[in-house]
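Here's the structure, in structure tokens; my notes come after.
Values below: every heavy atom of this structure, side chains too, minus hydrogens, waters and symmetry copies. Just so it is clear, the model here is predicted, and its values are computed rather than measured.
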Amino acid sequence: MLSNSKTAQIILSWLLAISFVIGILILPQYVFAEDLDEEDPPQDLILKGDGKCTVCHDENSDNPILAIGKTKHGTTADHRTPTCTSCHGEGGDHEDTPHKAPMPQRAFGKKSVNSIEERNNACLACHQGGKRMHWSGSTHANRDVACTSCHTIHTEQDKVRNRITQPEVCFNCHKEMRQLINRPYRHPIREGKVTCSDCHNPHGSAGPSKMVRDNVNDTCYTCHMEKRGPFVYNHPPVQENCAICHNPHGTTAPNLLRTRSPFICQECHEPNTHQGSSGTLTGAYARNTLARGCLNCHTQVHGSNMPENIRNESMFQR
């Protein structure tokens, strides 16, 4: 039989061996957990705190977002620059289990489950006042048009902010305007010299048809100052609304007239003396049809200051 001391040594050896094996199996787990605790958080690439988003949404992902760094929303030197969570909300389940929650708290794409009002409020939290002060009562707001229906945020070039590509964005809804700007007489919209937002404020305005000024005439006068007057003798429809005679989006008649003279004139000046006479190619009334029709004589249709005699003044002649 073994002595008590040898038995104790054997038992102690076995206990040490078992402890060693257990240490080998368990210690790495504690070391790994400690490493995780001490691991640095994901590095921010563009915006403050965007590390938890860009760790997945880099340029190699299905939903890249780094292009926002080339936009005003990515200007880190501006204290007003938002963060990812300013627009999309906190990560929550989407950050922890993206396979179960593929959408963030607030999404703006076509598959978004957030209401349009909720999405727009995220934009209006910063973009208030100025040109957007009439948004709440505007046609686009009342018809539930989302900001992201026109604007693209995570891209270097927002088409609606580019004078050349802006009309294409508007034509997605206002399809009838596409064919008007391709008519013979039109504003140079296709060339980018005039664009939709030069005349209309899509975020709403105090004037009709979302005019950038309080009425149609004041909007037209921003370019056509010579038609403003005042004149000694004013043409009443000119004072009321330029669109009574002109279609600014495009026509088949010269000078953007809704229809050529004398027919457009005869809508009001009829049937008194020669104003209502049918145009002919020969005879006394040929001047009503040939060339510019009524404008052959009545050249100052927007208003006259002619002091020579009462006839010329009242008839808008030279």
Side-chain angles (χ1 to χ4, degrees), residues 40-92 94-95 98 101-114 116-133 135 138 140-141 145-174 188-204 212:
D40 293 334
Q43 183 180 2
D44 297 340
L45 299 181
I46 299 173
L47 303 176
K48 183 179 180 181
D50 72 1
K52 62 182 181 181
C53 299
T54 55
V55 70
C56 295
H57 296 283
D58 57 15
E59 290 304 293
N60 296 321
S61 71
D62 294 334
N63 297 298
I65 64 173
L66 297 182
I68 198 172
K70 299 179 181 180
T71 71
K72 289 187 176 181
H73 285 136
T75 307
T76 55
D78 191 340
H79 70 279
R80 300 171 300 176
T81 299
T83 63
C84 299
T85 55
S86 299
C87 300
H88 295 284
E90 297 297 333
H94 176 64
E95 181 183 2
M103 294 289 183
Q105 182 179 347
R106 188 187 298 114
F108 298 87
K110 295 180 179 180
K111 298 180 180 180
S112 174
V113 297
N114 303 97
I116 291 178
E117 182 180 5
E118 185 179 355
R119 283 179 267 168
N120 286 351
N121 285 340
C123 302
L124 294 173
C126 297
H127 300 283
Q128 292 185 353
K131 295 182 178 180
R132 291 166 291 276
M133 65 184 300
W135 169 258
S138 69
H140 284 154
V145 176
C147 302
T148 49
S149 296
C150 304
H151 295 279
T152 51
I153 309 303
H154 292 278
T155 181
E156 182 179 0
Q157 294 292 335
D158 187 0
K159 289 185 177 181
V160 80
R161 294 176 60 85
N162 185 302
R163 296 182 66 85
I164 299 295
T165 57
Q166 182 187 105
E168 287 300 319
V169 179
C170 300
F171 294 158
N172 287 332
C173 295
H174 303 281
I189 296 174
R190 292 185 303 183
E191 295 76 12
K193 294 182 179 180
V194 176
T195 194
C196 306
S197 59
D198 289 335
C199 302
H200 302 280
N201 184 348
H203 302 106
V212 295

Separation between CZ of Arg106 and NE2 of His94, rounded to the nearest 0.5 Å: 13.5 Å
task: Kindly indicate whether the side chain of Asp198, heavy atoms from C-beta on, has any atom under 4.5 Å from the side chain of Val212.
output: no
Check: Thr152 main-chain N/O paired with Thr155 side-chain donor or acceptor under 3.5 Å: no
- request: Please tell me if the side chains of Asp50 and Leu45 come closer than 4.5 Å, counting only heavy atoms from C-beta onward.
  value: yes
task: Show your working on side chain to side chain donor-acceptor pair (under 3.5 Å) between Glu118 and Asn114 and close with a plain yes or no.
output: CA-CA 6 Å; Glu118 185 179 355; Asn114 303 97; 3.3 Å; yes
query: Short question: side chain of Ser149, backbone of Ala146 - any donor-acceptor pair under 3.5 Å?
result: yes
field: Residues in side chain to side chain contact (heavy atoms under 4.5 Å, CB included) contact with His88, at least two apart in sequence or another chain
entry: Pro104, Phe108, His154
- request: Hey, can you tell me if His73 and His127 have their rings parallel, tilted or perpendicular (30° and 60° cut-offs)?
  value: perpendicular
Polar side chain donor-acceptor pair, Thr83 to Ser86, under 3.5 angstrom: yes
message: Would you say Ser197 and Thr195 are linked by a side-chain donor-acceptor pair, where the criterion is simply a distance under 3.5 Å?
response: no
- request: Report yes or no: does Arg163 contribute a side-chain atom to a donor-acceptor pair with the main-chain N or O of Lys193 at less than 3.5 Å?
  value: yes
Within 6.0 angstrom of Gln43 CD, more than 12 heavy atoms from elsewhere: no
field: Residue pair Arg80 / Cys126, side-chain heavy-atom distance below 4.5 Å
entry: no
- prompt: Should Lys72 and Asp78 count as an ion pair when the cut-off is N to O under 4.0 Å?
  reply: no
message: Between Arg190 and Glu168, does any NZ, NE, NH1 or NH2 come within less than 4.0 Å of an OD or OE carboxylate oxygen?
response: no
